[in-house]
Amino acid sequence: MEVVGDGMIARAFVNSRMRTDVLVFAAGVSRSSTTEATEFDREADLLNTAISNARAGRRRLLYFSTASAHLYGNGDGSPCSEEDPVHPTTAYGRHKVAMEKVIRTSGVDHLILRVTEVVGPHQRRHQLLPALFSQVTEGAVTVYRGARRDLVDVADLVTIAAELLSGDLHHATVNIASGHPVTAEEIVSYLMTLSGRAVTKVYVDIPANDYNVSTKRMAQHAPSAARMGFSPTYYRSVIDRYYRF
């Protein structure tokens, strides 16, 4: 197995027992808020090289896209499936759509995982949970009303990916999510409970986000997901694991 990248997801796969005939591409843009063309170009260049290497080595390419509102749009609460039209709302979302197209048209054997909000050790400080944890620790946290996130533990992501790669899915796209997005308020409140600190909340109103993604394909091809405790309270177990770090 070859892993491209050095962030949280890349490290999790390096430490896994993944099959050797896979090239894991985990070197994408780390800030979903970015609009910098240089960041998008960097990923595109790395991806084109990875595609060439995967093809030459007869390996399957594992690519991480997004199952967020950046790609699917804010939605109406109905679960978005992999076959539904996408409605990217940001430069990041449009970039991910473009990268998926590059992979599909390249002809390389691939598995594209559209992942929600991955959480785990070695996360970059600007990402969701490290940023909120830091704010809670400092005593003041910004809560975006209307924001919702579907947290997934990086260890669960690795387990599901390994099972999908061992199956019969080729040239496929799969949503990876708990299927239970929660509000920013719920995440912050639970972090406050764990910290035991007195924290001031500063509220910012944003457009309501009612997106949700379908996990039917994931459940069909990765039965182990049924044993991961995906439920309305799963996000708490994810935060508990992260909090230890």
Side-chain angles (χ1 to χ4, degrees), residues 1-68 70-71 90-100 102-103 106 108-134 149-165 173-177 238-239 241-245:
M1 175 183 63
E2 177 183 352
V3 178
V4 179
D6 61 1
M8 171 188 60
I9 292 177
R11 292 188 188 192
F13 276 87
V14 166
N15 295 327
S16 71
R17 296 181 178 179
M18 187 68 64
R19 53 190 301 163
T20 58
D21 59 343
V22 175
L23 191 157
V24 179
F25 186 88
V29 175
S30 66
R31 289 181 184 270
S32 58
S33 61
T34 190
T35 58
E36 294 293 330
T38 54
E39 285 293 301
F40 299 138
D41 291 343
R42 179 195 64 82
E43 179 179 349
D45 290 343
L46 287 172
L47 179 59
N48 282 320
T49 299
I51 289 171
S52 296
N53 291 342
R55 186 186 295 112
R58 296 184 178 181
R59 287 174 290 177
R60 196 172 347 174
L61 177 70
L62 179 64
Y63 179 79
F64 299 97
S65 185
T66 180
S68 67
H70 293 285
L71 182 139
T90 62
Y92 176 79
R94 291 187 290 273
H95 168 72
K96 284 301 186 183
V97 171
M99 294 301 95
E100 289 188 10
V102 167
I103 294 169
S106 72
V108 71
D109 189 4
H110 65 268
L111 179 62
I112 296 171
L113 300 185
R114 290 180 177 170
V115 189
T116 51
E117 189 78 37
V118 185
V119 176
H122 312 300
Q123 282 197 276
R124 303 191 190 282
R125 293 177 64 85
H126 64 264
Q127 293 177 317
L128 179 69
L129 220 56
L132 289 177
F133 175 81
S134 178
R149 295 290 186 272
D150 188 328
L151 306 187
V152 173
D153 189 284
V154 70
D156 291 339
L157 168 63
V158 171
T159 299
I160 292 170
E163 189 169 13
L164 292 173
L165 289 166
T173 301
V174 182
N175 289 331
I176 306 296
V238 175
I239 294 174
R241 294 179 217 172
Y242 171 80
Y243 200 80
R244 293 198 300 269
F245 295 96

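When reading the values below, keep in mind they use all heavy atoms of this one structure, side chains included, and skip hydrogens, waters and symmetry mates.
Ion pairing between Arg114 and Glu100 holds under the 4.0 Å rule for side-chain N and carboxylate O.
For the atom pair NE2 (His110) and CZ (Phe25), the distance works out to 14.5 Å, reported to the nearest 0.5 Å. Here Asn175 contributes atom CG and Thr66 contributes atom OG1; the two are 9.5 Å apart, rounded to the nearest 0.5 Å. The distance from the CD1 atom of Ile51 to the CG atom of Leu46 is 11.0 Å, given to the nearest 0.5 Å.
Of the possible donor and acceptor atoms, none in the side chain of Arg241 sits under 3.5 Å from a partner among the backbone N and O of Asp153. Counting only distance, with no hydrogens or angles, the side chain of Gln123 and the backbone of Val118 share a donor-acceptor pair below 3.5 Å. Looking at His70, its side chain never comes within 3.5 Å of a backbone N or O of Ser68 through a donor-acceptor pair. A donor-acceptor contact shorter than 3.5 Å links the side chain of Glu43 to the backbone of Val29.
Qualifying side-chain contact (heavy atoms from CB on, under 4.5 Å) partners for Ala12, counting only residues two or more places apart in sequence or in other chains: Val154, Val158.
Residues Leu113 and Leu157 form a side-chain contact, since some pair of their non-hydrogen atoms from C-beta on lies under 4.5 Å apart. A 4.5 Å side-chain heavy-atom check between Arg58 and Asp109 finds every atom pair outside the cut-off. The shortest side-chain heavy-atom distance between Leu151 and Leu128 falls under the 4.5 Å cut-off.
The neighbour count for Asp41 CG, taken as heavy atoms of other residues, nucleotides or ligands under 6.0 Å away, is above 12.
Closest heavy-atom contact between Met99 and Leu47: SD-CD2, 3.8 Å. Between Thr116 and Ala177, the shortest heavy-atom contact is CG2-CB, 3.5 Å. Of all heavy-atom pairs between Ile103 and Val108, the closest is O-CG1, 4.1 Å.
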- List the steps and the verdict of side-chain contact (heavy atoms from CB on, under 4.5 Å) for Ile239 and Val119. CA-CA 8 Å; Ile239 294 174; Val119 176; over 6 Å; no
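Tested against Leu164 for a side-chain contact (heavy atoms from CB on, under 4.5 Å), the candidates Leu62, Val174, Thr159 yield a single pass: Val174.
Between Phe64 and Phe13, the ring-plane angle classifies as tilted under the 30° and 60° cut-offs.
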